[in-house]
Number of protein chains: 2
Amino acid sequence: MSTRSRSVVTIADVARACGVGTMTVSRVINGKKHVSEEMARRVEEAIARLNYQPNEAARTLKGRTSRTIGLIVPSLSDPFFSQCAHAVQQVAAEQGYMTMLFACEANRSVEAEELSQMRARNIAGILIVPSSENSLEQLQELRRSGMPVVMIDRTFAGIDAGEVMVENLEGAFRATNHLIDHGHRRILCVGYDREYNSIGERIEGYKKAMQTAGLSQQYILVKRGVPIGPKVVASLRSAKPPSAVFTLNNVTSVAVLSALKREEIRIPQQLAIIGFDDFELASLLAVPLTAVRQPATELGRHATRMLIDSLRTGNGGERMTSRIVLPTELILRQSCGCEPISRIARPS
Amino acid sequence: MSTRSRSVVTIADVARACGVGTMTVSRVINGKKHVSEEMARRVEEAIARLNYQPNEAARTLKGRTSRTIGLIVPSLSDPFFSQCAHAVQQVAAEQGYMTMLFACEANRSVEAEELSQMRARNIAGILIVPSSENSLEQLQELRRSGMPVVMIDRTFAGIDAGEVMVENLEGAFRATNHLIDHGHRRILCVGYDREYNSIGERIEGYKKAMQTAGLSQQYILVKRGVPIGPKVVASLRSAKPPSAVFTLNNVTSVAVLSALKREEIRIPQQLAIIGFDDFELASLLAVPLTAVRQPATELGRHATRMLIDSLRTGNGGERMTSRIVLPTELILRQSCGCEPISRIARPS
DNA sequence: AATCAGCGGTTAATCGATTATCTAAGCTCT
DNA sequence: AGAGCTTAGATAATCGATTAACCGCTGATT
């Protein structure tokens, strides 16, 4: 017994307890060869008895890489991202990796700081839902130093990283067409900023549908932080009021719905609405929201597998331009004018 | 130029570039004394030029503790926890700490694994919303080894850790009384398991209100995973059907609302409902939900400050039985029979 | 009989930053 | 002038696990 009360059990303590060298213990821990079964049993017994646990910092320092992947999402309050994060954590855990989860809250300096931490902490690889162009350079530098990177949901051009996306254009196209099929002619496209390509693709989908139908396009696109609901309400009082809106994401849908409720505007009679990105409570809303569902869980799963693959094969140093694009699904509810299913099923 | 292309810039590289010893560089990085301003400038310039970043693993190994706190929550899909996590991350970042966020998804073995990782990674301190009694022993052991621990939202008896809670009993008492004030006599208390003391306290609040009013209590308490909505619906067809329900948390509220909607049961006419734990979309629901709001952000803030305080003062080794209890707030909407405010404000 | 291969194990170097200890120089004060 | 103190910096030990290099032994090969 030394005087040190820190009670940190090291590999040397275990070795001493068994009367062997540290290398032998290390071999047992890492399942390497050249250890007799008998010895392995003794060592394992000692590990259990002393409640020894390898110091991750030491392992990382020597091994140059931790068995940890970093996940950066813009926000945890958006269920789309939290669902995604959940999937990442599950798959990573199955594969023996820990996940460090960071929410940058769409703050570019926070995101930069987090990326910088990734390098400092010898993260094995990065999963990111990039939220600011500013990080591009930093990501590129990480790529150059051999760090595998997979981008989820959004991508930046000019960076050699994996990509896992959804069919934004197609989803938006179908959503817009659904409104057109319901007889709407003046359809407003609403959303926050267009700094992410995913939003851009959705806008393209809307545009394509409108053009194909020979309709003129109407937009309300604002910067993050600008209240968007009131603008939509105001547009209803304009000369050519829209009869329907297509909201470009979750947050927008909620913002618009709030404003419409506040103003007691009837959905879908006065204004129909269809949103990109579905969420759990969408079906319990005053008027259940028709929405384009994104496969958040699948997105997270695929991205994690892609990252871990390139970790395993060690080709993070090479090009890693895999790209997976997942389909979306249009969930029909009542906000676009479809008949409520329950009414059809059981007329009262 | 050596042959190593790993491109890891070390403190030695920086020192060499300035023609000084590593100690000097280290002093500059950590803002210690005994370095001339002139020298400090040169070193900082070299750090910037070489894009040097201290290796966190090495720092941790030597310093015995990382500037990282671990946060374990049961789930990320529950907005209460994600809001809380957000607050933790913010406060921690302000204080120069990183947050490792883990979601255990109420899985006890995952929680155990995560706690074990905490120790292996020399986490400075732990914030936890404990979800399984099984972790108690593990937490106690971590406490004994001097690791500061703060429990959020729920606590376990017999563990010497900080606690940041809400006034569960009081909140539930007021909620139940609100229903009683509306003339309800048969009030059903519904929720998942009672393995957390926070749920237990809410039940106590309900019980106290009912007893005080001389009413008899009715419960539906099920294990996690059991569908609870149908049970509530079934109770309406019993001999003594409840006229109101008090749901013990977020998840329960949503489950019950779903079932009521499916069965087309009118709220609050056929059944009034009041929930513990408010959420963003509560006001946009078909019938806006009256709920007991918990100060999730404040909870996270206080817990983080408490943890970092004990990290600073280094009294994590001592007793750390601080306890903060935050008040709740009853948010009146329409699910309990109150007049819709908008109707009052502007009769149409 | 001599060499070789593999097994089971030890010793010591290493990863990168921190830090105790030490040297040298500059300064004040009697 | 020399003791005493502060400043500026160097050297080397240290944290705990991994791993290259090495050693002695046994049994097989030629």
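Numbers restart at 1 for each chain; the letters A, B, ... are given by sequence-line order, proteins then strands.
- Among the protein residues, A/Q53 comes within range of the sugar-phosphate backbone only, with heavy atoms under 4.0 Å from sugar or phosphate atoms but none that close to a base.
- In this structure, A/S26 reaches the bases: a heavy-atom distance under 4.0 Å links it to at least one base atom across the strands shown.
- Looking at heavy atoms from C-beta onward, B/F102 lies in side-chain contact with A/M98 at the 4.5 angstrom threshold.
- You'll find that the side chain of B/A58 is closest to C/dG16, out of C/dG8, C/dG16, D/dA21.
- If you check C/dT19, C/dT18, D/dA17 against the side chain of B/I11, the one that comes closest is C/dT18.
- Minimum atom distance to the side chain of A/K62 is reached by D/dT18, of the listed D/dT11, D/dT18, C/dA17.
- Here the nucleotide nearest the side chain of B/T10, chosen from C/dG16, D/dG16, D/dG9, is C/dG16.
- A/R121 has its CZ atom 14 Å from the P atom of C/dA17, to the nearest Å.
- Picking from C/dG16, D/dA10, C/dT19 the nucleotide with the shortest atom distance to the side chain of B/T24 gives D/dA10.
- Counting any heavy atom pair closer than 4.0 Å across all strands shown, A/V20 reaches sugar-phosphate atoms only and no base atom.
- Checking D/dT18, D/dC15, C/dC15 against the side-chain heavy atoms of B/L61 singles out D/dC15 as nearest.
- Contact of the A/I159 side chain with the A/M151 side chain is registered, since non-hydrogen atoms from C-beta on lie closer than 4.5 Å.
- C/dC7 atom P lies 15 Å from atom CE of A/M23, rounded to whole Å.
- B/V20 and B/M39 get closest at one heavy-atom pair: CG1-CE, 3.2 Å.
- Within the 4.5 Å cutoff, side-chain heavy atoms of B/I69 are placed close to those of B/L127.
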Do A/Q138 and A/E141 pass the side-chain contact (heavy atoms from CB on, under 4.5 Å) test, and can you show the C-alpha distance, the side-chain angles, and the key distance before you say yes or no? CA-CA 5 Å; A/Q138 228 178 128; A/E141 195 197 299; 5.5 Å; no
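- Taking atom CG on B/D13 and atom C1' on C/dC15, their separation rounds to 13 Å, with Å as the unit.
- The base of D/dG16 lies outside donor-acceptor range of the side chain of A/R59, with no N or O pair under 3.5 Å.
- Dashed line: the shortest gap from a side-chain N or O of A/K32 to OP1 or OP2 of D/dT19 is under 4.0 Å.
- B/T304 has its side chain out of reach of B/Q95: every pair of non-hydrogen atoms, C-beta onward, lies at least 4.5 Å apart.
- For the pair B/N122 CG and C/dT18 P, the computed distance is 15 Å after rounding to whole Å.
- Residues forming a salt bridge (charged side-chain N to carboxylate O under 4.0 Å, His left out) with A/R301 (at least two apart in sequence, or on another chain): A/E298.
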Check step by step if side-chain hydrogen bond (donor to acceptor under 3.5 Å, both in side chains) holds for A/E113 and A/Q117. CA-CA 6 Å; A/E113 165 66 14; A/Q117 284 287 331; 3.2 Å; yes
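- In this structure, the CZ atom of B/R119 is 14 Å from the C1' atom of D/dG16, given to the nearest Å.
- Across the protein-nucleic acid pair, A/R67 atom CZ and D/dT18 atom P stand 11 Å apart, rounded to whole Å.
- Side-chain nitrogen and oxygen atoms of B/Y52 include none within less than 4.0 Å of the OP1 or OP2 phosphate oxygen of C/dG16.
- Between C/dA17, D/dT11, C/dA12, one nucleotide has an atom nearer to the side chain of B/T22 than all others, and that is D/dT11.
- Rounded to whole Å, atom P of C/dG8 lies 14 Å from atom CZ of A/R42.
- For A/R27 against C/dG8, a side-chain-to-base donor-acceptor contact under 3.5 Å is absent.
- In this structure, the CD1 atom of A/I47 is 12 Å from the C1' atom of D/dA17, given to the nearest Å.
- Where the helix from C/dA1-D/dT30 to C/dT30-D/dA1 starts and where it ends, the local axes point in directions that differ by 60°; five pairs per end, rounded to 10°.
- The phosphate of D/dC15 (OP1 or OP2) has no side-chain N or O of A/N55 nearer than 4.0 angstrom.
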